[in-house]
Amino acid sequence: MPTADPAPPLAAETGTQPLVLWSVEGGDLRRQLASIAELDAVGVDAVVLPGGSLATADPILIAGAASRRAPRVGLIASLSPWLQPPFHTARVLGTLDALTRGRAGWLVDPAPTKFSATDDTDRWTASGVSDLAELDRAFADYLAAAAALWNSWQPGALVADVGGGQYVDPAKVQVPHYRGEFFSVRGPLNMPRSPQGRPVILARWPIGAVVNDTASSHADVLIVSQQADVSAARNQTATVLLELHGTAAGAPPATTADGYLISGVSDPALYGHVVHTVLPGLLPPTGRRGLLRERLRLPADAFDWTAPNPNPTPNATSATTKDLE
Amino acid sequence: MTADPFRLGWFGNLTAPEWKTPYRGNDPLTWFNGDFHVDMVRNLERAGFDFIMLEDSLMVPDIYQGSAEIELKHARYAPKMDPVVAAAMLARATKHIGIIATASSTFYHPYQLARQFATINNLSGGRVGWNVVTSSEDRAAQNFGLEKLPEHDLRYDMAEEFMEAVKGLWGSWGEGAILADAESGYYADYEKVQPVHYEGEYYKTRGPLNIPAGPNGRPVICQAGGSPRGRDFAARHADVILAIPNGAAGAKEYRDDIRRRAALIGRNPDEIKVFSVVYPIVGETARDAEEKNAAWYARKQHNFEVQMTHFAATMEIDFSPYDPDLPIPDEVSTNGHQSTLEIWRKQLAGKTIREGFSGMRVQTTEMVGTPDGIAAQMDEFMQEVGGDGFLIYGQPISRQYVAEMTDGVAPALQRRGLLRTGYAHDTLLGNLNSFN
C-alpha cells in the first residue's frame, strides 16, 4: 500500500485555480454538441464524452463533430479497449488529436465488456472474460501496443522537401513489430506523431483502492470520487481530479486535488446554476489554451518520443513533438 | 442534343495535399489540423457536388523494393488519417453535401462499424455514406493481429455476412422507437428496440445497436466492385458505385451490367448511381490545357515511381525484381484488386513496365480542355453512357485544382443545365434520388 505524502496545500492557498473538466450527459446528439460548445465558451478545460450505455453514440465521432464549434476545450473520449483493436484506437485518437491541434484525451475503461465482439480468427478478445487479472494483463498489453504505434513516427519525420522530392524521411518511420501476450500489431501507424505526441490518458481511481492496476499506474490523470483518495492517487500520477456528481457540483468543496470533474448534471436548473454561477468563480476569465496536456499540468517528458526498438538512435529523444503543431 | 443532368462527386482522402506546387501555401505540414479538407468540402458544396468520398487504407506500404522509401517519398498511401473521425467533423462544417467514409469490413466488427456510421448519420442529419471495402493488403492484416488476409472470394463471403449483420443492427430500432415523452417518463419504446441475434458463419452479433440508425434508417452505401463477385455485391447493396472502366464504351458496359444484375434480384436499377472516375486537366485556353497535359506525362520517372507505389499498396506486387524494360511477366498475380490488375495488364498491351506505368493515369477516359471544353466532353460521354455521374480524382489534391473544378468546370456544367444548382433534400439519399 502506498504511503500518503503530506497533504499538499489547497488550490486556493497556492493561488492556482482549479482545473475543471465536465462529463457531458448522453442522449440527444444535438444537445450534446450544443452543450460542448457552451462549455467551451465558458472556459471549461475539457469535456468527457460518454461511451458504453444505452443510446450513447461513438464518443470519438461526437468529439470530431464538436471540434470546429468548440475550438478551445479538450475533448476526452470514453473508450473501452475491448471494442476495437489497438490499431484503430491509436489511429482514431491520433486523428482526433491532429484535427483538434492537440486537445484529445482518452478516458480508459478496461472493465469487463457488455459488448460481444468476436470473429472467426483465433485472435484473443475480451468477450466473456471475467477474470480481472487476465483483463488487467491484456490491458497493459493493449496500452503497450498503442504506445508502440504512437512512437513509430519520430519527431521531424515530415520534411516536405520540394527540392529533394521527399515528403517523409523514411529513416524516421520505424516498424515496431509489436508482439504481446494478447495483441500483435506490425505497424507503423499510418500517420505521424500528433501534436501532443499521444492523447492524454485518464482513468477512474477505484474507491478506497489499495491495489495498483494497469489503468491507475498508466494514466496521466486520475479521477477520484472522494477527497480521502486524493493522496493515494497522487502517489500514482501528477494530476488528480475530484469528481463532483449532481448537486455536489452546485457548491464545490475545498480539495487537495488539482481540480474537479463535474458529472451527472442533467437537471436544467442545476446545469444553468453551475455553468453561469459556479464556473465563473473557478475558472480564469479568459479560459486556458494550448495543448490539453499543458492545461492539465502534465510533465512534457511523459509524452516524449521514445525509440520503439531496443537500439535507439543516440540523441533522438532530444527532439520535440513539433510535427503536427 | 445534350445529356440528361448528371452528378459530380470527389474521390478524396485524408492524405497530404499536392505539396510541390508553387500554390501549396502552408498546407503540406498543416493539413493535419483539418482546415484544408474543411475548406475543400465547403467549396464542393458551393459548386453542387453530391458528395466527397474519403478512401482509406490501413498501412504504410513497404512492398516495393522491400522498403517504405518510395512510398514515403511521394506520400500517396501514408500518412493517412482516419476518415470516419474526419467525416464527423466535415459533416458539421457543411449543410448539404454528402460525406462518404471508407471502412474495411475485414478489420471492423459489424457492431462497431454499425455504431460508428449510425453515429455520424445522426450527427450529419442523414448526409453520410459508408464506402464498403474488404481490404486488399496483408500489411494491413498484420496491423490487426493477423498474418494474412483471407483470399479474395472468401472476403466477399465474409462481406456479405458483414453487410447482413450491419443492416440488421441498423434495423434494430424500429421507426418511432424514440418517444422522449416527458409525460409518461419513457425516452424510448422498449418494444420497438429488438435484439438481432445474428449468427453467421463468420460473425455473431446479438444487438440491438445502442443507438438508432438515424435518417432514412441507414447511411448511404457506396461500393467499387469490379470483379463479377464485386459487381453482384454492388448491385445488391450499393446506392453509389465507383468505377474506373475503360472509356465511355467500358463505362456503358459496366453501368448496363450493374443495372441488369440489380433488376435480376428485383431492385429498381435507378436506385443505383454509377460514378466514373475521371481526372480532367483544365487550362485557361485549350492550348494551355494541352501543355499541362503534356507536362503531366513528361514527368516519367515521377509517374513511374507513383505507379510502383500504387501496385505495391493495393496489389502487394513488388515490380522491382522484374526488368522494367520488359512487359509485365505472365506469372504476376494478386490477392488484392484482381479486376484492376487485369484492366491494367490490358491497358499496357505489351508495353514495357517502365514505359507503360510512366504513362498511366487513373481515369475512365482522358479529358483535357478549358472549363467549358471539359463540360462539353462530359456531356458527350454521358450521352453515350446514359448516366449517372463523374468522380473527380486529381490526386494529390491542391487548392488550385479544386478551384478549377468548383469555379471552372462546375459552373460550365450548370450553364449547360447538366449539374445541380442546389440541394432539394436534406439527406444524401434524398439528393441521390432527386433525379435519375
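Quick note on labels: first sequence line is chain A, next is B, and so on, each numbered from 1.
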- Are B/Lys80 and B/Glu55 ion-paired here, with the side-chain N under 4.0 Å from a carboxylate O? yes
- Task: Using non-hydrogen atoms and a 4.5 Å limit, figure out which bit of B/Thr15 sits close to chain A: side chain, backbone, both or neither.
- Result: neither
- Mind checking the CZ-CG spacing from B/Phe117 to B/Asn122? Nearest 0.5 Å is all I need. 13.5 Å
- Okay, A/His88 and chain B: the region with an atom under 4.5 Å from a heavy atom over there is both
- Query: chain A heavy atoms under 4.5 Å from B/Glu69: which part of the residue, side chain, backbone, both or neither?
  - Reply: both
- Under a 4.5 Å heavy-atom cut-off, does chain B meet the side chain of A/Pro85, its backbone, both or neither? side chain
- Return the orientation label for the B/Tyr203 and B/Phe162 ring planes: parallel under 30°, perpendicular over 60°, tilted otherwise. perpendicular
- Message: For A/Ser194 and A/Asp97, which I'm curious about, is there any donor-acceptor pair between the side chains at under 3.5 Å?
- Response: yes
- Message: With chain A as the partner, which of B/Asn143, B/Val85, B/Asp62, B/Leu58 has the greatest number of non-hydrogen pairs under 4.5 Å?
- Response: B/Asn143
- Query: Does a side-chain N-to-carboxylate-O contact under 4.0 Å join A/Arg179 and B/Glu147?
  - Reply: yes
- Can you say whether B/Ile70 sits under 4.5 Å from chain A via the side chain, the backbone, both, or neither, judging by heavy atoms? neither
- Task: Mind checking the CG-CH2 spacing from B/Leu14 to B/Trp31? Nearest 0.5 Å is all I need.
- Result: 6.0 Å
- Task: Under 4.5 Å heavy-atom distance to chain A, tell me which part of B/Asp56 shows up: side chain, backbone, both or neither.
- Result: side chain
- Can you tell which of B/Val38, B/Leu146, B/Leu90 has the highest number of heavy-atom pairs within less than 4.5 Å of chain A? B/Leu146
- Message: Parallel, tilted or perpendicular, judged at 30° and 60°: which one describes the rings of A/Trp124 and A/Phe183?
- Response: perpendicular
- Is there a donor-acceptor pair closer than 3.5 Å between any side-chain N or O of B/Glu316 and the backbone N or O of B/Ile63? no
- Check whether B/Asp35 gets within reach of chain A through its side chain, its backbone, both or neither, counting any heavy atom under 4.5 Å. both
- Item | Residue B/Ser124 versus chain A: region with a heavy atom under 4.5 Å | backbone
- Note on the structure: Looking only at A/Val185, A/Leu61, A/Leu96, A/Leu149, the option with the highest number of non-hydrogen pairs under 4.5 Å against chain B is A/Leu61
- Which of parallel (below 30°), tilted (30 to 60°) and perpendicular (above 60°) describes A/Tyr142 and A/Trp106? tilted
- Message: So which residue, A/Gly164, A/Ala171, A/Pro188, ends up with the most heavy-atom pairs under 4.5 Å with chain B?
- Response: A/Pro188
- Item | Segment of A/Asp169 engaging chain B (4.5 angstrom heavy-atom cut-off) | neither
